[in-house]
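Contents: one structure, followed by commentary.
Every chain is numbered from 1, with letters handed out A, B, ... down the list of sequences. Below, all heavy atoms of this structure are taken into account, side chains as well, without hydrogens, waters or symmetry copies.
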Amino acid sequence: MSAAPGSTLWLLRHELRLAWHGAALNKNRTRRPGGATIAIWGVGWVALHLVAFMLMRELDRDGMDAAHLAIPLTVMVITCATFMLSSALRSAVLSLFERGDLDLLLSSPLPSRSIFAVRLLGIAAAVATPYVFLAGPFANAALLVGHPGWLGLYVMIGTCAMVMACAGMLLTLALVRVLGARRTRVVAQVVAAVAGALLFLLTQAYNLTRHGDSAGPGILALLASHRAFGTDSALWLPGHAVLGAPLPLLAAVLLAGVAFALTVHRTHGFFVHGLQQAAGTGRARTRPAGALRFRFRRNLFDTIVIKEWRLIARDPNLIAQVLLQLIYLVPMLLPVLRDGKTGPAIGAALTLLCSSLAGSLTWIVVLAEDASDLLLSAPAPRRTIQLAKLAAATMPPLLLVALPLCWLIAHAPLTGMLFAFTVCAAVLSAGLIVLWTGRPAPRSDFKTRGKENFLCSMLEMIGSLCWAGLGWLLTSLSTQGATWMAVAAAVVLALGLGVLLLAWMLRRHPV
Amino acid sequence: MLIDSPALRIAALRKSFGRPAVDGLDLTVRRGELYALLGPNGAGKTTTLRMVTGLLAPDTGTVEVLGIDIARDPAGAKRGMAYLPDDPLLYGKLKPTEYLEFVAGLWGIRAEDAEPRARHLLDWLDLAPHAHELTEGFSRGMKQKLALAGALIHEPELLILDEPLTGLDAAAARQVKDLLVSHVEKGGTVILTTHILEVAERLAQRIGIIRQGRLIAEGTLAELRARTHGGSLEDVFLHLTEGQAG
């Protein structure tokens, strides 16, 4: 399809091309995805179709009751909409304030409304794409088993993505007016990350609270018994739209259209009237020169520790990402915590969490150093710098865990003492593994650090599991005294030390 | 630190990244002079400076800073010098006061000495009103000035600057140039690379021109002009580096 240069269609194609390049950058950030990547995604999509087909055939056999299906489908639409809002926020900040091509576009003869319309369409397309990939096979499979109404799913994904793209854009503009562009970027990243994590935890709440297998149907039965939540309630219209009901679908399309028109108008006004510049001015607080306050430290160690803590404390986005990693560990720990033996379970859980936190902080403090050349060009001893950085990374998890450990020691002294040992060992081990085997990277790569350095991540994970397992085995050994536990504890200890030794042997040598 | 030794002595320095970046470079910079190292893009200027400052290990050759071999005693050699790369070495989440506290800590400056120097530098470079803001919001010029303050807080004898005037407005550029001249007048040594030949022409006492990792010409402006039968430094530079692409 050819489009005249300068037309809206041409601009949209340019926007989508940029989104394609940006969404799937390879490791070196230089090329778009290759044939192999596309082939893997293709195979995955075909596999999803098979799963979807089996599920849809089951539903078809059960009669495909639209009234009841609309309830879980509505819940899914709302859940996905929240995720979409989270990614729309990120995309809006990127698209409006980070990509840096708006001035070029606005200085061209292209109509400015078209520019913002295309930008909004680009965000909506980027937001919708993963859902089309994941949910599309279900609509296709439903078509195959004789339920074409399910094609409404595509329409709902499109309209939902558009509404959420508009919401993300408007929210971003509002934040920029209040906070300025730079802070908005941070807030948007934190909100996006927290929104994702909250939903993740909600999905895990069922696992956390259930005592049998009847909670899900029980909730549905409870909802059905309340008039406002009955199967004929208007609340479930999004679900009916997914199933192809014409009126709800039409309403969704109209809503998306109105939201699109309003948002384009609003965004256009915001930029054309220079509100982003106004938002950025007058925020710098200045103080008279006489108010200069210095706190020069007596030694290099303290200076480095304080500097590292300041850098972390002032980066809410990074803190959110680090804490999110811990949140995602919670479901893994639930089975451990649910088995009734809370002493060893809590100890093992704390060991695992602290180790993960120490690994993350060491990565940030040691490997994501912003001015490594400054440190290298200074006459400061390298060993002192590394020790201070390691201390800066390992002290926060140890301080965080101090209180629960004290509680554990008060309630079960031997267990508490054993876990105090394994927590310290795990924290130190994680810090050293990252220090020795990690590769320097910018802080913005924090989320992808596992993929960038698989070996380091694996060693870190195995080390953590070993120390947590050792704590568990030692406490169990102290109460049950089984011989196999002593053997297992010795093996796990040897493995933990072996991982550390391997990391030391593979350590990277700086210049 | 040997008083009679030159500020910098480089002998037979080589570094290769697949192809030679610095190829048998010999260079001597005397104490108390402002030396400009010029060359087209990719000539090996930054690689040379990174080896001088200990950021990069040479393949062969020696570097002596203030009479100290940087390979044998890196801490001793680094103690008397400061390096300011073209991309300022700053932390966006630190305030200028905190940045200077940190740099002073790295060079082991006592608080009693560091505080008045930091205060003076922030005042002199017009950064005092912004001393309590995070540097991530600073303009390029403000960042460059803060990095310069960091480089000067330990009063280095040898100041090495890689493209120090890039992106600075006229006022900030003037401040930096005055600072360099003042540093030399006080007995310090400055080595700088720049693409702004007028700066080298006006400030430098000696100029070295490097091409493909080798020093192809060196001397005062008058000596270089004499070699190429007159003209401006630009004429001399283009004549010597003619035909070399970046």
Side-chain angles (χ1 to χ4, degrees), chain A residues 180-183 185-186 280 283-319 364 368-385 388 442-444 509-511, chain B residues 50 53-57 73-85 87-116 118-119 122-123 126-134 136-138 147 150-151 154 160:
Chain A
R182 189 158 39 89
R183 287 182 188 160
R185 192 184 63 184
V186 175
R283 296 190 176 276
R285 283 177 296 160
T286 56
R287 293 189 196 182
L292 285 180
R293 296 244 191 286
F294 290 97
R295 289 190 66 192
F296 290 95
R297 260 112 200 140
R298 293 279 160 202
N299 62 63
L300 179 62
F301 191 92
D302 292 356
T303 304
I304 290 173
V305 170
I306 296 291
K307 169 245 177 190
E308 297 302 345
W309 285 354
R310 273 178 178 151
L311 292 181
I312 293 170
R314 287 174 186 166
D315 199 338
N317 181 37
L318 204 58
I319 294 173
I364 291 165
E369 165 63 49
D370 285 335
S372 52
D373 280 358
L374 177 66
L375 301 184
L376 286 172
S377 64
R382 185 173 177 78
R383 184 175 289 267
T384 310
I385 293 175
R443 286 183 184 223
S444 52
H509 294 277
V511 176
Chain B
R50 288 178 67 80
T53 48
L55 298 175
L56 201 59
D73 181 9
K78 289 171 182 176
R79 199 159 288 127
M81 90 176 136
Y83 173 52
L84 188 69
D87 192 14
L89 301 169
L90 297 176
Y91 298 94
K93 300 283 180 196
L94 287 188
K95 299 168 185 173
T97 47
E98 295 163 351
Y99 175 71
L100 294 181
E101 287 165 14
F102 178 65
V103 179
L106 283 178
W107 262 263
I109 311 296
R110 292 185 310 161
E112 308 86 271
D113 299 328
E115 181 155 350
R119 207 173 280 278
L122 289 181
D123 277 337
D126 300 325
L127 290 171
H130 308 281
H132 298 282
E133 296 165 26
L134 298 183
E136 65 186 2
F138 281 13
H154 64 284
I160 298 174

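The residues A/Asp370 and B/Lys93 are annotated as not salt-bridged, no charged nitrogen and carboxylate oxygen being separated by less than 4.0 angstrom. Electrostatic pairing of A/Arg310 and B/Glu98 counts as a salt bridge here, judged by a charged N lying under 4.0 Å from a carboxylate O.
In this structure, the portions of A/Ile304 lying under 4.5 Å from any heavy atom of chain B include both its backbone and its side chain. Residue B/Ile109 does not touch chain A at all, counting heavy-atom pairs closer than 4.5 Å. At a 4.5 Å heavy-atom cutoff, the contact between B/Arg50 and chain A is made by side-chain atoms alone.
A donor-acceptor pair under 3.5 Å is absent between the side-chain atoms of A/Lys307 and the main chain of B/Tyr91, judged by distance alone.
B/Phe102 pairs with exactly one of A/Ile306, A/Leu300, A/Leu374 by the side-chain contact (heavy atoms from CB on, under 4.5 Å) rule, that one being A/Leu374.
Per-residue counts of heavy-atom pairs under 4.5 Å with chain B were compared for A/Thr384, A/Asp373, A/Asp315, A/Ile385; the largest is that of A/Asp373.
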